[in-house]
Amino acid sequence: STQEQPPQICVVGSGPAGFYTAQHLLKHHPQAHVDIYEKQLVPFGLVRFGVAPDHPEVKNVINTFTQTARSARCAFRGNVVVGRDVAVPELRAAYHAVVLSYGAEDHRALEIPGEELPGVFSARAFVGWYNGLPENRELAPDLSCDTAVILGQGNVALDVARILLTPPEHLEKTDITEAALGVLRQSRVKTVWIVGRRGPLQVAFTIKVPRPRKRLTELLLRTATEKPGTEDAARQAPASRAWGLRFFRSPQQVLPSPDGRRAAGIRLAVTRLEGVGEAARAVPTGDTEDLPCGLVLSSVGYKSRPIDPSVPFDPKLGVIPNMEGRVVDVPGLYCSGWVKRGPTGVIATTMTDSFLTGQMLLQDLKAGLLPPGPRPGYAAIEALLSSRGVQPVSFSDWEKLDAEEVSRGKGAGKPREKLLDPQEMLGLLGR
Ligand code: FAD
């Protein structure tokens, strides 16, 4: 039975959900072996590619993840795209259980005319660009305009506004990429509007410690309406950069420049609230407002993709249908993190929900609900990958790349200079 055989489990995705799920399984089962598959060459998901460079303390979770990855019963298998290089049914055949923790890789489209114009980016791509996500390294946003508009009022919108407005010299000692820093140094953006469909009571920002919304609202209103003290005013004057929140506005159209070549503004529909409390909906009043701007960043949410035709997916909610992490109707298949709950919540929320998934899996194992008998685990998958020309990277490979990044950052006083080019990374690993 599986009780005598060390259970072979695999996790897909090496962000917080993948690592916290693995941590729970290893801690609460003395024999379990966990392989973590990751499409990137490097681990940690949005902790590396999402969390803002000026919030280094948030990235301390990497220390815990590193401990997990170094466990003799855990292995990191990077450079493997599940759903392309290996199918989920193949993983299910090789392991006793599979946990899908692959996050939310897409962004929600605005679905308005002009969205495709140069000068319009998803906040997701912009964040990926300043954080060194390989697929976004060529983004090169043009920051020669004086006004940027961010559509959406969540934490990501705030991060993006802060990066646009922070004097670049304050970012020099962070792990922001040198290329992004170069573009930000040339930036002429002075004003950033953060636009939301609803009002101050409905905004989606979270504060570090959960406190009642009333506190948050007070804070928002104070920041938005208070006159700066003399010290603040002195600090703000030379910077002459400003941001503001615009409430009750919903994007209707990106306005093109006279030659039609790029974004020059945005038409907003004025809204009002219908209904009360959290359920209040923004409905258009019929009035519109045009805001001139050269840069539009849409920050209306991340979105998970379906990974494999064999895995149920709810396209409306953008999640894998599950009961406390058990994928419905597919025994032995689990999910955790953003692909389980939807793309909201901080790392701590993701931790709690991943531990819960781990707990359900171990309960099922104990109850004999997982396939009995031995499973080949990685040995079977390794053979498949090699027949397909896929070369996985290990955690010690990552540690080599990590050391290289740290050493490249040293000269500039940065914690690291991220490697952006997968070919170069493979080269450094002698592949
Ligand atoms: P992810 O972190 O996205 O991890 C998913 C992993 O799966 C990725 O490594 C991805 O490459 C991999 N993957 C995807 N598809 C495949 C595939 N087919 N095969 C193999 N691997 C795959 N939280 C905080 O607490 N503090 C913050 O300051 C903070 N800042 C944030 C800033 C931004 C811009 C964003 C977007 C989020 C931020 N968060 C922050 C939230 C936090 O990042 C999430 O709660 C958390 O990362 C979700 O974890 P996850 O593992 O579900 O997803």
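Just follow the structure's listing: the first ligand is 1, and inside any ligand the first atom is 1.
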Identify the protein heavy atom lying closest to [atom], giving its residue, its atom name and the separation to 0.1 Å.
| atom | answer |
| --- | --- |
| atom 40 (C) of ligand 1 | V51 CG2, 4.2 Å |
| atom 34 (C) of ligand 1 | G50 O, 3.4 Å |
| atom 14 (C) of ligand 1 | Y102 O, 3.2 Å |
| atom 45 (O) of ligand 1 | G345 O, 2.8 Å |
| atom 7 (O) of ligand 1 | G13 CA, 3.2 Å |
| atom 21 (N) of ligand 1 | K39 N, 3.1 Å |

Check ion pair R84-D308 (N to O, under 4.0 angstrom):
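So R84 does not pair with D308 through a salt bridge.
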Under a 4.0 Å threshold between the charged nitrogen and the carboxylate oxygen, would D106 count as salt-bridged to R124?
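Salt bridge flag = no for D106 with R124.
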Compute the minimum heavy-atom distance from V160 to ligand 1 and say whether it is under 4.0 Å.
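For ligand 1, residue contact (heavy atoms, under 4.0 Å) with V160 is absent.
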Is there a heavy atom in G83 that sits closer than 4.0 Å to ligand 1?
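No, G83 has no heavy atoms under 4.0 Å from ligand 1.
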Is it the side chain (CB and beyond), the backbone, both or neither of [X] that lies under 4.0 Å from ligand 1, heavy atoms counted?
| X | answer |
| --- | --- |
| R124 | neither |
| S101 | backbone |
| V127 | side chain |
| N155 | neither |
| V80 | backbone |
| V346 | both |

Please work out whether the ring planes of Y130 and F126 are parallel, tilted or perpendicular, with thresholds of 30° and 60°.
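Geometry flag for F126 against Y130: perpendicular rings.
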Y378 ring centre to R77 NZ or CZ under 6.0 Å, with the angle to the axis within 45°?
yes
Does any N/O atom on [X] come nearer than 3.5 Å to any N/O atom on ligand 1?
| X | result |
| --- | --- |
| A104 | no |
| W338 | yes |
| V82 | yes |
| T350 | yes |
| F44 | no |
| L46 | yes |
| E38 | yes |
| V58 | no |

My understanding is that only residues two or more places apart in sequence, or in another chain, count here; which of them pass side chain to side chain donor-acceptor pair (under 3.5 Å) with E399?
R70
Using the test side chain to side chain donor-acceptor pair (under 3.5 Å), find all partners of D421 that sit at least two apart in sequence or belong to another chain.
none
Going through the checks in order, is the side chain to side chain donor-acceptor pair (under 3.5 Å) test met by T191 and T147?
CA-CA 5 Å; T191 307; T147 304; 4.5 Å; no
Only heavy atoms count here, so choose which of V86, L133, V156 is nearest to atom 35 (C) of ligand 1.
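That would be V156.
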Indicate yes or no: at least one non-hydrogen side-chain atom of I307 is less than 4.5 angstrom from one of Y102.
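Counting from C-beta outward, I307 and Y102 do come under 4.5 Å.
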One finds that the ligand 1 atoms under 4.0 Å from a non-hydrogen atom of Y302 are 34 (C), 36 (C)
Using protein heavy atoms only, decide if any is under 4.0 Å from atom 48 (C) of ligand 1.
yes
The single option from T350, N322, D353 passing side chain to side chain donor-acceptor pair (under 3.5 Å) against K340:
D353
Answer with yes or no whether the side chains of S336 and S101 bring together a donor and an acceptor at under 3.5 Å.
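Per modelled atom types, S101 and S336 side chains form a pair under 3.5 Å.
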ring-ring contact (aromatic ring centres under 6.0 Å, His included) between H24 and F355, worked out:
CA-CA 6 Å; H24 186 93; F355 286 173; 5.6 Å; yes
